[in-house]
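Remember, predicted model here, so these are calculated numbers, not experimental data.
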2 protein chains.
Amino acid sequence: MKKISDKVIGRLSLYRRILRETLILGTRKLFSYQLANSAGISAAQVRQDLMILGYMGSPTQGYDVHGLLECIEEFLDDPAGQSVALVGIGNLGRAILDYFSGRRPNLSIDAAFDINPEKTNGVIHSCRCYHLDQLLQVIEEKGILTAIITVPADQAQGVADRLVRAGIRGILNFAPVRVKVPPDVFVQDIDIAMVLEKVAYFSRPK
Amino acid sequence: MKKISDKVIGRLSLYRRILRETLILGTRKLFSYQLANSAGISAAQVRQDLMILGYMGSPTQGYDVHGLLECIEEFLDDPAGQSVALVGIGNLGRAILDYFSGRRPNLSIDAAFDINPEKTNGVIHSCRCYHLDQLLQVIEEKGILTAIITVPADQAQGVADRLVRAGIRGILNFAPVRVKVPPDVFVQDIDIAMVLEKVAYFSRPK
DNA sequence: TAGATTGTTAATCGATTAACAATC
DNA sequence: TAGATTGTTAATCGATTAACAATC
């Protein structure tokens with residue numbers, strides 16, 4: 001499999017959602033420009049992405065919604081399903097647990113960790129909570145490869161180190177610091193404060 | 001003022017935080033590669049960004065932390081301060097309200113809206129809550145230009161339309177749909193589910 | 001067939017990095 | 001001065017868009 005940029009993967013995930021909705025509406029065929037319009041990008045981009053995927057549309061007919069959706073699912077999903085760990089049961093952590101609770105069969109947050117004993121040993125939004133000390137053991141036992149960091153900035157690096165030691169291969173980091181990890185561990189940062197500052201900048205009268 | 005990409009603005013916001021922390025540690029001078037290292041980017045990038053900004057470092061000495069920080073603040077901040085509105089007081093909305101509560105003097109969420117009357121007419125994390133029906137009036141009265149959308153996907157477009165009508169110039173959208181707005185309104189999407197799927201993809205054994 | 005959309009390559013665009021003379 | 005870092009331009013890189021023959 002050739003190397004595919006993370007932007008492409010993001011767009012495929014976007015196409016998937018659009019295709020699901022399209023299917024629910026009962027539409028069977030879709031043109032590249034229709035998909036592009038919903039995704040907010042160019043039709044050429046869509047065609048190129050689907051080409052990478054190897055899925056073929058037909059001239060005049062466009063793409064078969066059902067077939068394309070299956071193709072993307074097969075590409076994006078692990079057939080065995082994937083478990084995710086979340087570290088930091090604060091407001092944001094809870095919001096994310098709630099959002100993903102039972103929503104996708106193939107991707108679920110199966111363990112949450114915190115240092116505060118009052119927050120652990122319970123179940124939040126159907127996710128089991130553990131003390132941070134159990135991180136290594138639980139993650140190894142469950143074979144979890146993906147983690148979400150929602151701890152304060154000053155604890156993020158320590159948590160990332162532990163996660164890597166436990167075998168985590170990909171991290172979604174909400175803490176406003178860049179965590180240092182080995183080059184083969186994928187890290188995606190979401191810095192909400194930074195993004196809000198950016199939006200505020202561009203919403204000012206110039 | 002020449003046109004500056006949103007990526008540059010994001011990096012400047014990042015530099016600001018790093019500089020603040022640096023200043024707290026008592027460090028007075030900083031080289032481009034040190035800033036670059038903390039920000040997780042190349043030194044050349046940092047130098048180019050600061051050049052755009054017009055701030056000059058000195059060979060051998062590097063950049064003056066205090067002076068550079070002031071320069072970035074002046075560039076990014078509206079001296080009068082900026083108010084932000086949040087629409088959708090769910091788990092994520094609450095988490096964001098909590099996160100920004102009193103944290104920055106120059107950028108604060110001053111109004112939150114929801115359709116559920118039980119959630120409105122109160123104060124959450126020191127932010128006044130209103131019913132969605134009051135959106136136009138409150139935003140115009142307070143002169144708010146920036147908004148955060150944390151409503152479900154099917155309500156996002158309707159909310160965006162109202163926001164634009166109320167005079168909003170920039171939107172941070174957490175709903176998993178692309179909202180259509182006039183071309184002069186800045187929209188930044190944060191699609192947490194999509195990003196998590198992306199991270200999950202890259203954390204799979206290849 | 002005529003018309004429209006596709007797969008695929010080439011052209012464009014923008015962002016990032018490298019290089020190096022200038023300078024403290 | 002010698003050494004290191006800067007400002008600034010050129011080179012590289014990658015991603016996006018345009019173009020067009022192939023095809024249903």
*Write out all pairs satisfying ring pair (Phe, Tyr, Trp, His ring centres under 6.0 Å) with one or both partners inside residues 80-100 of chain A, taking only residues at least two apart or from two chains.*
none
*Please name all residues satisfying side chain to side chain donor-acceptor pair (under 3.5 Å) with B:R104, sequence neighbours left out, ordered by chain then number.*
A:E197
*Counterpart residues, side chain to side chain contact (heavy atoms under 4.5 Å, CB included), relative to A:S108 (two or more places apart)*: A:D110
*Taking DNA chain D as the partner, which of residues 188-196 of chain A come within under 4.0 angstrom of it by heavy atom?*
none
*Once Watson-Crick and G-U wobble pairs under 3.5 Å are found, how is DNA chain C written in dot-bracket notation, 5' to 3', with | for any base paired to another strand?*
..||||||||||||||||||||||
_ring pair (Phe, Tyr, Trp, His ring centres under 6.0 Å): pairs with one or both residues in residues 126-149 of chain B, sequence neighbours excluded_ = B:F113-B:Y130
Using distance only, find each side-chain donor-acceptor pair of residues 37-44 of chain A under 3.5 Å and give its atom names and separation, not counting sequence neighbours.
| from | atom 1 | to | atom 2 | distance (Å) |
| --- | --- | --- | --- | --- |
| A:S38 | OG | A:Q34 | O | 3.4 |
| A:S42 | OG | A:Q45 | N | 3.1 |

Review item, nucleotides 16-19 of chain D N/O atoms under 3.5 Å of protein N/O:
| from | atom 1 | to | atom 2 | distance (Å) |
| --- | --- | --- | --- | --- |
| D:dT16 | OP2 | A:R11 | NH1 | 3.2 |
| D:dT16 | OP2 | A:R11 | NH2 | 3.4 |
| D:dT16 | OP2 | A:Q45 | NE2 | 3.3 |
| D:dT16 | O5' | A:Q45 | NE2 | 3.0 |
| D:dT17 | OP2 | A:S42 | OG | 2.9 |
| D:dT17 | O4 | A:Q48 | NE2 | 3.0 |
| D:dA19 | N6 | A:R47 | NH2 | 3.3 |

*Pairs satisfying ring pair (Phe, Tyr, Trp, His ring centres under 6.0 Å), at least one member in residues 10-59 of chain A, at least two apart*: A:F31-A:Y33
Which pairs, protein N/O on one side and nucleotides 1-4 of chain C N/O on the other, fall under 3.5 Å?
| from | atom 1 | to | atom 2 | distance (Å) |
| --- | --- | --- | --- | --- |
| C:dG3 | N2 | A:T60 | OG1 | 3.0 |

*asked:* Tell me which residues in residues 61-73 of chain B lie within less than 4.0 Å of DNA chain D, going by non-hydrogen atoms.
replied: B:G62, B:Y63
*Which residue pairs pass the ring pair (Phe, Tyr, Trp, His ring centres under 6.0 Å) test when at least one of the two sits in residues 168-192 of chain B, sequence neighbours left out?*
A:F202-B:F186
